[in-house]
Structures are given as structure tokens and as C-alpha cells.
Amino acid sequence: MKIHLIAGARPNFLKLAPLYKELKKFPDLFQIKIIHTGQHYDLKMSGLFFKQLELPAPDLNLEAGSASHTVQTAKIMLAYEQVLLADKPDIVVVFGDVNSTIACALTAVKMGVKIAHVEAGLRSYDRSMPEEINRMLTDTITDFYFTPSQDADENLQKEGVASKKIFLVGNIMIDSLSTYLQKAQATSILEDLQLVDQPYLLVTMHRPANVDNADKLKQLFGILNELAQKCKVIFPVHPRTRSKIAAAGLTQKHENLILTEPLGYLEFLHLQMKAKGVITDSGGIQEETTYLQIPCLTLRDNTERPITIHSGTNQLLPFNHALIVEKAEAILSGNGKKGKIPPLWDGNTAERIVEILKNLEIE
Ligand code: UD1
């Protein structure tokens, strides 16, 4: 079976790595290529992840780069069509919900190539998020749905997907997380940021709805500055957010509010493990904190990962200064939300996917 694994943006790499390694155990059965779309291209957003996740360099890089959503998606499609013409795989595996996911899935379906979607079925039902559009459209044309949790299966069934095409395999990001916990703890990030034995909050923020609005960004800085009076606040800044911070002219900050470059996977994982709590708008971090049992405040109106709310340590919060400070203080005083690890978030998801791929009948 000839397989293309599609890597585009930072969260994809964590999902691709365990599947790549598991497939590689069966060289007689699977011939694998890693296709990088080039959606993320900075060393800290891409190359460092490949290195830390012990992945080989991609077989091909489509070098799409940054652009408007339409241009970025179209550039990936144009380049990937040429790849598919030259090298017809039996199946294209796409991950998550980024522009690269829909771009390659759409190209594949037009060329008659089967699609497997890892992390299928998640829905926020918020169409103002580009990721929701990517998820819905990808799942409309997918052939094999690998889902992380029961809610995803139910969403797909409601949309009319045949049950025999849905495989509840668990959360593949947890495969990476559980593999690299020890290595993460060996990083010197706590020493580097002078956080050893210090309580701190960890922050990430990069959604257009939160950071593309200068007023909201100013409000966020106000909140973080207030929290910095109580403990250190570590904020690794996504390139998109960095440019918005600069554009909004936000320079005033408390000395305990520490802005860093985007961090490596291992360093960030280490910071999550030892944080008192996390404030974020990321999808993946809602899941990682649930697994690590670290309280998480997600500054969004909705989530495509409701299991992190129902079972896990995650709480959704509106962009409200007083409320966010109140909930963060509760976390700092040991009253953060407690949770359970959802079923099948056990580090063996890639193995379950490969077992299914071994027996897949592709007409
Ligand atoms: C993308 C995903 C988002 C995911 C996030 C993880 C979509 C629609 N969004 O958002 O779901 O949570 O990745 O990071 O696919 N940039 C760099 N260097 C890079 C990459 C980006 O400087 O290596 C800057 C560019 O200015 C670019 C901006 O970041 O325009 C946004 O990048 P883009 O890939 O368009 O979206 P993300 O915000 O990263």
C-alpha cells in the first residue's frame, strides 16, 4: 500500500510522527512518503519539530508558505496535484483541521485517490472558525474516518457517514505526548526561564478571533499584566501573534510576564507539565492539559473538543477580564478543575490505525 502522510502546520507534526513510525515497522506492507505542504516553514514552527519528534526530512516539500487562506489552499492544491500525477498513492492520510488538510484532501478526491482523516469528526459548530470549515469539508470527502473520541463518531453519524467507515481509535497526539514525557523533563527550559520551584501560568494565543483584534489583544495584555503581579506568566508567542502585538504597539509589560519565541515541542511539554495552569485558545493544548491533568482556561466561545470539558480539566471562558483573573486565581490557590483522562487516550492510537490499514480493502 502506497501512502502519503500530509504534514502542513505545527500541530500536524505531532499527529503524523507516531503513525509514520508505526507504519515503518511493516516495510513489506507499506510504502510511505511524508509530504510537507510548507504551510509552516520557520525552523521553530517546523524543522525543530521534525528533529525533536525524530522524523526524517519530508520526502517532498510543496513550499506553499504564508498567504491568504484562498491563496495558501490553492497553492498547496496546485503543487499537490503534480505530486499525485507523478506518484499515485493508494491512500492519502490527512491530519487535523488546518488549510493543508482540506487542500490535500480536495486534491486527492479529484484525482480518485482514497482519503483517511486522522482526528475526524470533531465539530465546534462555529463556522466563523477557518478550522471548522476545514473539518466539515474534509469529512465530506473522506473515505476512512479515524476518530479520537465518541462525540466525533456521533457527529459523523448525524451527518450520515456510514458506521463501517468510522474507526474510534483514540487521540494520536497522546501517542507523541506519552512517548516524549521523559525527554521533555530532561530539557533545561525551567532553568532557562528561572522557573524551578516557582509557580507559573503558561499562556498561548494565536486564533485570528483573539489576536487579530487590537482591542482584544490590549485587553489580553491587561489581564496577563494583572496575573503577573501574582506569579510568573510565560507566553511563547506564535509568529502571527507577535506581528499583531507589534502592530498594536503593545510594549508595556510587568517584569513577571515573559514573552518568548515559539518553543520546541519538548520544551513546551515540560512547561505544561509543571505549570499551575494554562490559558490558551489552542485546540491541541486543551487535550494535552486534560491528559496531564493541568487546569486549562480556554478563551473561546466553543470547542470542537467537548470531551476536555466534560471529562477533562478544561473550561471555556469568554474574553472577560474579571472572570479570567478570578478563574486563574482559583487555579493558583489549588482550586482548578480536576478531570479524568478520556478512554483510548493511551498512547496506542497509531498502533490501532495501522491494524485497520493492514486490513483495509481499497477498490
Ligand atoms: C495554523 C492553523 C491553525 C493551527 C495553527 C498552529 C489554518 C487555517 N490554521 O494557523 O488551525 O492552530 O496553524 O500553529 O490552517 N508564520 C510564520 N512562520 C511560519 C508560519 C506562519 O511567521 O512558519 C506567520 C505568517 O505571518 C503567517 C501567520 O504566521 O501569515 C499565520 O500562519 P498560518 O499558517 O496562515 O496560520 P496559523 O495562524 O499558524
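Atoms within a ligand are numbered from 1 in the order they appear, just like the ligands themselves. The structure presented is a predicted model; accordingly, all values stated were derived computationally and were not measured.
Ranking protein heavy atoms by distance to atom 2 (C) of ligand 1, first place goes to V98 CG1, 3.7 Å. For atom 20 (C) of ligand 1, the nearest non-hydrogen atom of the protein is H40 CD2, 3.3 Å. At the top of the distance list for atom 12 (O) of ligand 1, counting protein heavy atoms only, stands H206 NE2, 2.9 Å. Taking atom 27 (C) of ligand 1 as the reference point, the nearest protein heavy-atom neighbour is S66 OG, 3.2 Å. With respect to atom 18 (N) of ligand 1, the closest heavy atom belonging to the protein is D42 OD2, 2.9 Å.
No more than 12 heavy atoms of other residues, nucleotides or ligands sit less than 6.0 Å from atom CD of Q182.
Interface of M45 with ligand 1, defined as ligand atoms under 4.0 Å from a residue heavy atom, comprises 19 (C), 23 (O). Of all atoms in ligand 1, numbered sequentially from 1 with element shown, those under 4.0 Å from a heavy atom of R240 are 28 (C), 29 (O), 31 (C), 38 (O). The H238 neighbourhood of ligand 1 comprises atoms 14 (O), 29 (O), 37 (P), 38 (O), 39 (O), with distances under 4.0 Å to a heavy atom of that residue. For ligand 1 and H69, the ligand atoms under 4.0 Å from any heavy atom of the residue are 8 (C). Near Y41, the atoms of ligand 1 lying under 4.0 angstrom from a non-hydrogen atom of the residue are 16 (N), 17 (C), 18 (N), 19 (C), 20 (C), 21 (C), 22 (O), 23 (O), 25 (C). Per-residue contacts place R207 under 4.0 angstrom from the following atoms of ligand 1 (heavy atoms of the residue considered): 11 (O), 12 (O). Every atom of ligand 1 with a heavy atom of P239 under 4.0 Å away is listed here by number and element: 16 (N), 17 (C), 18 (N), 22 (O), 24 (C).
Classification of R300 and D126 as a salt-bridged pair fails, no side-chain N sitting under 4.0 Å from a carboxylate O. We find that K2 and D90 are not joined by a salt bridge, their nearest charged nitrogen and carboxylate oxygen being 4.0 Å or further apart. Checked for salt-bridge contact, E131 and R207 meet the test: a charged N lies under 4.0 Å from a carboxylate O. Contact check on K44 versus E267 returns no salt bridge, with no Lys/Arg side-chain nitrogen under 4.0 Å from an Asp/Glu carboxylate oxygen.
No continuous path of ILVMFWY side-chain contacts below 4.5 Å connects V113 to L16, so the two sit in separate hydrophobic clusters.
In terms of modelled atom types and a separation under 3.5 Å, the side chain of T140 and the main chain of M136 share a donor-acceptor contact. Judged purely by atom type and a 3.5 angstrom limit, T289 uses its side chain to pair as donor or acceptor with the backbone of Q286.
Checking only distances, N99 does come within under 3.5 Å of ligand 1, N or O to N or O.
Evaluated by nearest non-hydrogen atom to atom 11 (O) of ligand 1, the leading choice among Q39, Q72, M129, E131 is E131.
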How far apart are the C-alpha atoms of F13 and F50, what are their side-chain angles, what is the distance that settles it, and do they pass the ring pair (Phe, Tyr, Trp, His ring centres under 6.0 Å) test? CA-CA 7 Å; F13 311 142; F50 271 71; 5.1 Å; yes
For N210 and L220, what are the C-alpha separation, side-chain angles and deciding distance, and is it a side chain to side chain contact (heavy atoms under 4.5 Å, CB included)? CA-CA 9 Å; N210 284 336; L220 177 71; over 6 Å; no
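The shortest separation from a heavy atom of P11 to ligand 1 is under 4.0 Å, placing the residue in contact.
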